[in-house]
Peer 1: 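Take a look at the following structure, please.
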Amino acid sequence: MKKGYVIAIDGPAASGKSTTARMLARKLKYIYIDTGAMYRACALCALQRKIDLEDENSLEKMLQDIKIEIKYAEQGNRIYLNGDDVTARIREADITRLSSRIAVIGIVREKMVELQRKMGAQGGVIMDGRDIGTVVFPDADFKFFMTAGVKVRARRRWEEAVAKGEELNIKDVEKELIWRDQNDTNREHSPLRKADDAMEIDTTSLSVEEQVECLLNQIRERENA
Ligand code: DC
(Lines give C-alpha, C1' and ligand atoms only; values in the text may rest on other atoms or scores of the structure.)
Protein backbone atom coordinates (compact mmCIF):
# COMPACT_ATOMS: atom_id res chain seq x y z
CA MET A 1 0.00 0.00 0.00
CA LYS A 2 1.14 3.51 -0.82
CA LYS A 3 2.50 5.25 2.27
CA GLY A 4 1.69 8.67 3.51
CA TYR A 5 -2.09 8.88 3.32
CA VAL A 6 -4.14 10.96 5.69
CA ILE A 7 -7.06 8.81 6.85
CA ALA A 8 -9.91 10.55 8.68
CA ILE A 9 -12.35 8.58 10.81
CA ASP A 10 -15.27 10.39 12.41
CA GLY A 11 -18.39 9.30 14.22
CA PRO A 12 -20.25 9.41 17.52
CA ALA A 13 -18.92 7.99 20.79
CA ALA A 14 -18.48 4.21 20.91
CA SER A 15 -19.15 3.77 17.20
CA GLY A 16 -15.97 1.69 16.95
CA LYS A 17 -13.74 4.36 15.45
CA SER A 18 -10.93 4.37 18.04
CA THR A 19 -10.46 0.60 18.13
CA THR A 20 -10.64 0.39 14.35
CA ALA A 21 -8.26 3.34 13.90
CA ARG A 22 -5.75 1.86 16.34
CA MET A 23 -5.78 -1.55 14.67
CA LEU A 24 -5.63 -0.13 11.17
CA ALA A 25 -2.68 2.09 12.16
CA ARG A 26 -0.87 -0.96 13.49
CA LYS A 27 -1.45 -2.86 10.24
CA LEU A 28 -0.38 0.03 8.02
CA LYS A 29 2.42 1.16 10.36
CA TYR A 30 0.80 4.58 10.48
CA ILE A 31 0.66 7.05 13.34
CA TYR A 32 -2.64 6.98 15.21
CA ILE A 33 -3.99 10.22 16.68
CA ASP A 34 -7.00 10.08 18.94
CA THR A 35 -8.24 13.68 18.88
CA GLY A 36 -10.89 12.96 21.51
CA ALA A 37 -8.02 12.36 23.94
CA MET A 38 -6.78 15.86 23.19
CA TYR A 39 -10.14 17.44 24.13
CA ARG A 40 -10.14 15.24 27.23
CA ALA A 41 -6.65 16.49 28.17
CA CYS A 42 -7.85 20.08 27.71
CA ALA A 43 -10.80 19.40 29.99
CA LEU A 44 -8.51 17.93 32.64
CA CYS A 45 -6.21 20.95 32.41
CA ALA A 46 -9.17 23.31 32.96
CA LEU A 47 -10.32 21.23 35.91
CA GLN A 48 -6.85 21.17 37.50
CA ARG A 49 -6.59 24.94 37.15
CA LYS A 50 -10.18 25.45 38.37
CA ILE A 51 -11.04 27.42 35.23
CA ASP A 52 -14.66 28.36 34.71
CA LEU A 53 -15.53 27.38 31.13
CA GLU A 54 -17.33 30.71 30.69
CA ASP A 55 -14.10 32.59 31.42
CA GLU A 56 -12.52 32.95 27.96
CA ASN A 57 -9.51 34.96 29.22
CA SER A 58 -8.38 32.23 31.57
CA LEU A 59 -9.05 29.59 28.93
CA GLU A 60 -7.00 31.53 26.42
CA LYS A 61 -4.08 31.73 28.87
CA MET A 62 -4.35 28.01 29.50
CA LEU A 63 -4.31 27.28 25.76
CA GLN A 64 -1.24 29.44 25.19
CA ASP A 65 1.03 27.14 27.15
CA ILE A 66 -0.84 23.82 27.15
CA LYS A 67 1.36 20.91 26.10
CA ILE A 68 -0.42 17.81 24.84
CA GLU A 69 1.69 14.91 23.57
CA ILE A 70 0.68 11.53 22.20
CA LYS A 71 3.48 9.00 22.55
CA TYR A 72 3.48 5.65 20.85
CA ALA A 73 3.57 2.59 23.11
CA GLU A 74 3.17 -1.08 22.18
CA GLN A 75 0.17 -1.49 24.53
CA GLY A 76 -1.54 1.63 23.16
CA ASN A 77 -0.61 5.30 22.90
CA ARG A 78 0.01 7.30 26.08
CA ILE A 79 -1.32 10.84 26.47
CA TYR A 80 0.72 13.46 28.30
CA LEU A 81 -0.61 16.75 29.61
CA ASN A 82 2.11 19.28 30.47
CA GLY A 83 4.53 16.40 30.98
CA ASP A 84 2.27 14.15 33.08
CA ASP A 85 0.90 10.83 31.86
CA VAL A 86 -2.90 11.32 32.03
CA THR A 87 -3.91 8.31 29.89
CA ALA A 88 -6.10 6.67 32.54
CA ARG A 89 -7.36 9.83 34.24
CA ILE A 90 -8.88 11.30 31.06
CA ARG A 91 -11.13 8.23 30.65
CA GLU A 92 -12.95 8.88 33.94
CA ALA A 93 -16.60 9.94 33.84
CA ASP A 94 -16.13 13.55 35.00
CA ILE A 95 -13.62 14.20 32.22
CA THR A 96 -15.78 12.45 29.62
CA ARG A 97 -18.58 14.91 30.32
CA LEU A 98 -16.32 17.94 30.68
CA SER A 99 -14.55 17.16 27.39
CA SER A 100 -17.84 17.38 25.51
CA ARG A 101 -18.57 20.71 27.23
CA ILE A 102 -15.15 22.20 26.52
CA ALA A 103 -15.29 21.00 22.90
CA VAL A 104 -18.10 23.46 22.10
CA ILE A 105 -15.79 26.44 22.76
CA GLY A 106 -14.41 28.07 19.60
CA ILE A 107 -10.96 29.06 20.95
CA VAL A 108 -10.42 25.53 22.29
CA ARG A 109 -11.28 24.02 18.91
CA GLU A 110 -9.01 26.46 17.06
CA LYS A 111 -6.06 25.45 19.20
CA MET A 112 -6.75 21.71 18.93
CA VAL A 113 -7.22 21.91 15.15
CA GLU A 114 -3.90 23.78 14.83
CA LEU A 115 -2.11 21.06 16.84
CA GLN A 116 -3.84 18.27 14.91
CA ARG A 117 -2.88 19.73 11.53
CA LYS A 118 0.76 19.90 12.66
CA MET A 119 0.64 16.32 13.90
CA GLY A 120 -0.81 15.07 10.62
CA ALA A 121 1.16 17.27 8.23
CA GLN A 122 3.62 14.54 7.22
CA GLY A 123 0.85 12.08 6.27
CA GLY A 124 0.98 8.39 7.18
CA VAL A 125 -1.58 9.19 9.81
CA ILE A 126 -4.97 7.97 10.96
CA MET A 127 -6.88 10.53 12.95
CA ASP A 128 -10.20 9.91 14.62
CA GLY A 129 -12.67 12.39 16.06
CA ARG A 130 -15.79 14.33 15.18
CA ASP A 131 -14.56 16.93 12.67
CA ILE A 132 -11.50 15.40 11.02
CA GLY A 133 -13.05 14.92 7.56
CA THR A 134 -15.02 18.17 7.71
CA VAL A 135 -12.62 20.67 9.33
CA VAL A 136 -9.18 19.35 10.31
CA PHE A 137 -8.35 17.57 7.04
CA PRO A 138 -11.09 18.35 4.51
CA ASP A 139 -8.67 17.08 1.82
CA ALA A 140 -7.90 13.79 3.59
CA ASP A 141 -7.11 10.91 1.20
CA PHE A 142 -9.74 8.71 2.84
CA LYS A 143 -12.71 9.67 4.97
CA PHE A 144 -14.86 7.28 6.94
CA PHE A 145 -17.87 7.99 9.11
CA MET A 146 -18.66 5.22 11.54
CA THR A 147 -22.05 4.81 13.15
CA ALA A 148 -23.90 2.22 15.24
CA GLY A 149 -27.22 2.02 17.04
CA VAL A 150 -27.23 3.63 20.48
CA LYS A 151 -28.06 0.37 22.30
CA VAL A 152 -25.04 -1.39 20.77
CA ARG A 153 -22.81 1.58 21.54
CA ALA A 154 -24.01 1.67 25.16
CA ARG A 155 -23.33 -2.05 25.50
CA ARG A 156 -19.79 -1.64 24.13
CA ARG A 157 -19.03 1.18 26.59
CA TRP A 158 -20.59 -0.75 29.45
CA GLU A 159 -18.57 -3.88 28.65
CA GLU A 160 -15.35 -1.84 28.52
CA ALA A 161 -16.16 -0.35 31.93
CA VAL A 162 -17.00 -3.72 33.45
CA ALA A 163 -13.73 -5.15 32.10
CA LYS A 164 -11.93 -2.35 33.97
CA GLY A 165 -13.76 -3.30 37.17
CA GLU A 166 -16.15 -0.33 37.15
CA GLU A 167 -19.72 -0.81 38.28
CA LEU A 168 -22.04 0.97 35.90
CA ASN A 169 -25.68 0.67 34.99
CA ILE A 170 -26.12 0.13 31.25
CA LYS A 171 -29.14 2.47 31.18
CA ASP A 172 -27.01 5.28 32.65
CA VAL A 173 -24.32 4.62 30.04
CA GLU A 174 -26.97 4.91 27.32
CA LYS A 175 -28.34 8.18 28.75
CA GLU A 176 -24.84 9.65 28.91
CA LEU A 177 -24.16 8.66 25.28
CA ILE A 178 -27.39 10.28 24.13
CA TRP A 179 -26.50 13.46 26.02
CA ARG A 180 -23.03 13.53 24.43
CA ASP A 181 -24.34 12.78 20.93
CA GLN A 182 -26.72 15.73 21.24
CA ASN A 183 -24.08 18.05 22.64
CA ASP A 184 -21.53 17.10 19.95
CA THR A 185 -24.09 17.28 17.11
CA ASN A 186 -25.89 20.49 18.01
CA ARG A 187 -22.95 22.72 18.86
CA GLU A 188 -22.23 25.81 16.77
CA HIS A 189 -18.54 25.16 16.02
CA SER A 190 -17.64 22.10 13.91
CA PRO A 191 -20.57 19.91 14.95
CA LEU A 192 -20.35 16.16 14.51
CA ARG A 193 -21.47 15.41 10.98
CA LYS A 194 -20.51 13.20 8.09
CA ALA A 195 -18.42 14.91 5.40
CA ASP A 196 -20.24 14.75 2.06
CA ASP A 197 -17.44 12.66 0.58
CA ALA A 198 -17.01 10.32 3.58
CA MET A 199 -17.97 6.69 3.37
CA GLU A 200 -20.46 5.70 6.06
CA ILE A 201 -19.92 2.39 7.83
CA ASP A 202 -22.61 1.07 10.15
CA THR A 203 -20.77 -1.08 12.70
CA THR A 204 -23.90 -2.26 14.58
CA SER A 205 -23.41 -5.86 13.57
CA LEU A 206 -19.72 -5.86 12.65
CA SER A 207 -16.89 -7.28 14.76
CA VAL A 208 -13.78 -5.16 15.21
CA GLU A 209 -11.90 -7.36 12.71
CA GLU A 210 -14.70 -6.86 10.17
CA GLN A 211 -14.59 -3.10 10.69
CA VAL A 212 -10.85 -2.99 10.03
CA GLU A 213 -11.23 -5.25 6.98
CA CYS A 214 -13.99 -3.02 5.63
CA LEU A 215 -11.76 0.08 5.76
CA LEU A 216 -8.77 -1.79 4.34
CA ASN A 217 -10.87 -3.07 1.44
CA GLN A 218 -12.02 0.44 0.62
CA ILE A 219 -8.44 1.69 0.58
CA ARG A 220 -7.20 -1.22 -1.54
CA GLU A 221 -10.12 -0.91 -3.94
CA ARG A 222 -9.45 2.75 -4.56
CA GLU A 223 -5.70 2.13 -4.95
CA ASN A 224 -6.38 -0.55 -7.58
CA ALA A 225 -9.00 1.44 -9.44
O1 DC B 1 -13.91 10.55 21.19
P2 DC B 1 -14.03 10.91 22.66
O3 DC B 1 -15.23 10.33 23.33
O4 DC B 1 -12.79 10.58 23.43
O5 DC B 1 -14.19 12.50 22.67
C6 DC B 1 -14.37 13.26 23.84
C7 DC B 1 -15.17 14.52 23.49
O8 DC B 1 -14.36 15.38 22.69
C9 DC B 1 -16.45 14.28 22.70
O10 DC B 1 -17.61 14.37 23.49
C11 DC B 1 -16.48 15.33 21.64
C12 DC B 1 -15.13 15.96 21.64
N13 DC B 1 -14.42 15.81 20.37
C14 DC B 1 -14.62 16.79 19.42
O15 DC B 1 -15.43 17.68 19.62
N16 DC B 1 -13.90 16.76 18.27
C17 DC B 1 -13.03 15.79 18.02
N18 DC B 1 -12.32 15.80 16.89
C19 DC B 1 -12.84 14.74 18.97
C20 DC B 1 -13.58 14.79 20.14
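As the structure lists them, so they are numbered: ligands from 1, and atoms in each ligand from 1.
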Peer 1: Where does Met38 meet ligand 1, judged by heavy-atom distances below 4.0 Å: at the side chain, the backbone, both, or neither?
Peer 2: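 Near ligand 1, Met38 shows nothing, with every heavy atom at 4.0 Å or more.
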Peer 1: Please indicate whether any nitrogen or oxygen in Arg187 is less than 3.5 Å from any nitrogen or oxygen in ligand 1.
Peer 2: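 The answer is yes, given that Arg187 and ligand 1 share an N or O pair closer than 3.5 Å.
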Peer 1: Mark up the atoms of ligand 1 that fall under 4.0 Å of a heavy atom belonging to Asp184, in ascending order.
Peer 2: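 Within the 4.0 Å cut-off of Asp184, ligand 1 contributes 9 (C), 10 (O), 11 (C).
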Peer 1: Measuring from the heavy atoms of Gln116, does anything fall under 4.0 Å of ligand 1?
Peer 2: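 So Gln116 does not count as touching ligand 1.
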Peer 1: Looking only at heavy atoms of Met112, does any of them come nearer than 4.0 Å to an atom of ligand 1?
Peer 2: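 The answer is no: ligand 1 sits nowhere under 4.0 Å from a heavy atom of Met112.
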Peer 1: Please report which non-hydrogen protein atom sits nearest to atom 8 (O) of ligand 1, along with the residue it belongs to and the distance in Å to one decimal place.
Peer 2: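 The closest one turns out to be Tyr39 CB, 3.5 Å.
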Peer 1: How long is the gap from OG on Ser100 to CZ on Arg130, to the nearest 0.5 Å?
Peer 2: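 Reported value, rounded in 0.5 Å steps: 7.5 Å.
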Peer 1: Which residue in the set Ile68, Asp85, Ile70 passes side-chain contact (heavy atoms from CB on, under 4.5 Å) when paired with Tyr80?
Peer 2: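 The option that passes is Asp85.
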Peer 1: Considering heavy atoms of the protein only, find what lies nearest to atom 3 (O) of ligand 1 and give residue, atom and distance to 0.1 Å.
Peer 2: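 It is Arg180 NH1, 2.8 Å.
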Peer 1: If you count the atoms of ligand 1 from 1 in the order shown, which ones are under 4.0 Å from a heavy atom of Asp131?
Peer 2: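 Those of ligand 1 that fall under 4.0 Å from Asp131 are 16 (N), 17 (C), 18 (N).
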Peer 1: With ring-ring contact (aromatic ring centres under 6.0 Å, His included) as the rule and sequence neighbours excluded, what pairs involving residues 120-166 come up?
Peer 2: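 Found Tyr5-Phe142.
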Peer 1: Quick one: which ligand 1 atoms are inside 4.0 Å of a heavy atom on Ala103?
Peer 2: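 Listed by number with element, the hits are 12 (C), 15 (O).
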Peer 1: Compare all side-chain heavy atoms of Ile7 with those of Leu28 and state whether any distance is below 4.5 angstrom.
Peer 2: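 In contact.
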Peer 1: Any N/O of Asp128 closer than 3.5 Å to an N/O of ligand 1?
Peer 2: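 Among all N and O atoms of Asp128, none is under 3.5 Å from an N or O of ligand 1.
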Peer 1: Please state which protein non-hydrogen atom is closest to atom 20 (C) of ligand 1 and give its distance, to 0.1 Å?
Peer 2: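 Atom 20 (C) of ligand 1 sits closest to the protein heavy atom Gly36 CA, 3.5 Å.
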Peer 1: Testing the 3.5 Å rule here: is there a donor-acceptor pair between the side chains of Thr96 and Arg157?
Peer 2: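 Checked: Thr96/Arg157 side chains show no N/O donor-acceptor pair below 3.5 Å.
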Peer 1: When you look for heavy atoms under 4.0 Å from ligand 1, do you find them on the side chain of Arg157, its backbone, both, or neither?
Peer 2: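 Answer for Arg157: neither.
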Peer 1: After noting the C-alpha distance and the side-chain angles of Tyr32 and Asp128, does the key distance pass the side-chain contact (heavy atoms from CB on, under 4.5 Å) rule?
Peer 2: CA-CA 8 Å; Tyr32 165 50; Asp128 82 11; 2.9 Å; yes
Peer 1: For ligand 1, note which part of Arg130 has a heavy atom under 4.0 Å away: side chain, backbone, both or neither.
Peer 2: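 Arg130 to ligand 1: contacts from backbone and side chain alike.
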Peer 1: Can Leu168 be reached from Ile178 by stepping across I, L, V, M, F, W or Y side chains whose heavy atoms are under 4.5 Å apart?
Peer 2: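 No, separate clusters.
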Peer 1: When you measure from the heavy atoms of Arg101 to every atom of ligand 1, does any distance fall below 4.0 Å?
Peer 2: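 Not so, Arg101 does not reach ligand 1.
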Peer 1: Just jot down the ligand 1 atoms closer than 4.0 angstrom to any heavy atom of Ser100, in number order.
Peer 2: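 Numbered from 1, ligand 1 contributes 10 (O).
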Peer 1: Suppose I only count heavy atoms of Gly129 and a 4.0 Å limit; which atoms of ligand 1 are within that range?
Peer 2: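 Those atoms are 17 (C), 18 (N), 19 (C).
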Peer 1: Tell me which part of Arg91 gets within contact of ligand 1: side chain, backbone, both or neither, using heavy atoms under 4.0 Å.
Peer 2: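 The part of Arg91 near ligand 1 is the side chain, not the backbone.
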Peer 1: So is there a nitrogen or oxygen of Thr35 less than 3.5 Å from a nitrogen or oxygen in ligand 1?
Peer 2: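 Yes.
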Peer 1: Excluding sequence neighbours, so at least two apart, what forms side chain to side chain donor-acceptor pair (under 3.5 Å) with Lys27?
Peer 2: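 Lys27 satisfies side chain to side chain donor-acceptor pair (under 3.5 Å) with no residue once adjacent residues are dropped.
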